[in-house]
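To start, the structure under review is shown below, and the notes come after it.
Here the structure is a predicted model, which means the values were calculated and not measured. Quick note on labels: first sequence line is chain A, next is B, and so on, each numbered from 1.
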Amino acid sequence: DTAVSQTPKYLVTQMGNDKSIKCEQNLGHDTMYWYKQDSKKFLKIMFSYNNKELIINETVPNRFSPKSPDKAHLNLHINSLELGDSAVYFCASSSSRGAVSSYNEQFFGPGTRLTVL
Amino acid sequence: AQSVSQHNHHVILSEAASLELGCNYSYGGTVNLFWYVQYPGQHLQLLLKYFSGDPLVKGIKGFEAEFIKSKFSFNLRKPSVQWSDTAEYFCAVNTGTASKLTFGTGTRLQVTL
């Protein structure tokens, strides 16, 4: 059973196109995240949703728009793709239930390698 | 804002050598600390985590880490590495606000036979 899944695993597209990446978790978690890992392996958070509400929105171009249709899904839509968007995008989830919500471990998906040509 | 530093960018060890990877963070308040591992072509997996209590934390695959509050450090150790430990290792900190994890830049560990 896959805990956090992402589709597609690889995405190759031309500059200027619009694309979406999907993420689903079956762990019953209520918080989901998108991270970007650049070519130097640096990981940085982009967005976080808790119970379908946006709670973290780092300095990300507004070409990136996350959408959470329900607690188990967090999709990432990217408009007008640029060369610099090439990276691996990781989805993660965690649970905010418990004594201190932020203590809980984040579970990561397998990543989506986006290549913009 | 918190930040995490991993000073070793690339470490090469022979099998059976001992490992210590440095991690320092900058934040004056309560922190939760994590080490994640990313094997080639795979997603991040949690090695170990520190929330409170005993500052020496044991994780999976023989890894351990020690939280030294006075030094703002959370170094990862393993007494004897194996070839299969070749991977990228990330230290991360959570300061308790909105579940945000801040990652270090990662350390690439290469274990040779």
Notebook entry, point to check: Applying salt bridge (Lys or Arg N to Asp or Glu O under 4.0 Å), which residue pairs with at least one partner in residues 106-115 of chain A are found, sequence neighbours left out?
Noted result: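 For residues 106-115 of chain A: none.
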
Note to self: I need the minimum non-hydrogen distance between A/K41 and B/F90, along with the two atoms involved.
What the structure shows: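 Of all heavy-atom pairs spanning A/K41 and B/F90, the closest is O-CE2, 3.1 Å.
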
Check: Considering all heavy atoms of both residues, which atom of A/F90 and which atom of B/Q38 are nearest to each other, and what is their separation?
Finding: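 Result for this residue pair: CZ-NE2, 3.2 Å.
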
Could you tell me whether the side chain of [Y] reaches within less than 4.5 Å of the side chain of [X], counting heavy atoms only?
X	Y	result
A/E105	B/Y36	yes
B/F103	A/Q37	no
B/L101	A/Y35	yes

Notebook entry, point to check: Contact part of B/Q45 toward chain A, heavy-atom cut-off under 4.5 Å: side chain, backbone, both or neither?
Noted result: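 Neither part; nothing is under 4.5 Å.
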
Residues 66-73 of chain B, side-chain donor-acceptor partners within the protein, below 3.5 Å, at least two apart:
{"from": "B/E66", "atom 1": "OE1", "to": "B/R77", "atom 2": "NH1", "distance (Å)": "3.3"}
{"from": "B/E66", "atom 1": "OE1", "to": "B/R77", "atom 2": "NH2", "distance (Å)": "3.4"}

Notebook entry, point to check: Which other residues belong to the hydrophobic cluster containing A/L81, where Ile, Leu, Val, Met, Phe, Trp and Tyr are joined when side-chain heavy atoms lie under 4.5 Å apart, directly or via other members?
Noted result: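 Once heavy-atom contacts under 4.5 Å are chained together, A/L81 belongs with A/L11, A/M15, A/I21, A/M32, A/W34, A/M46, A/F47, A/Y49, A/L54, A/V60, A/F64, A/L74, A/L76, A/I78, A/L83, A/Y89, A/L114, A/V116.
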
Margin query: Hydrophobic clusters here meaning ILVMFWY residues chained together by side-chain heavy-atom distances under 4.5 Å, can you tell me if B/Y39 and B/W35 are in one?
Written below: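 B/Y39 clusters together with B/W35.
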
Notebook entry, point to check: Would you say B/V81 and B/I60 are hydrophobically clustered, going by side-chain heavy atoms of ILVMFWY under 4.5 Å?
Noted result: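 In one cluster: yes.
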
Checklist line | chain A-proximal positions within residues 105-113 of chain B [heavy-atom distance under 4.5 Å] | finding: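 Listed by number, the contacting residues are B/T105.
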
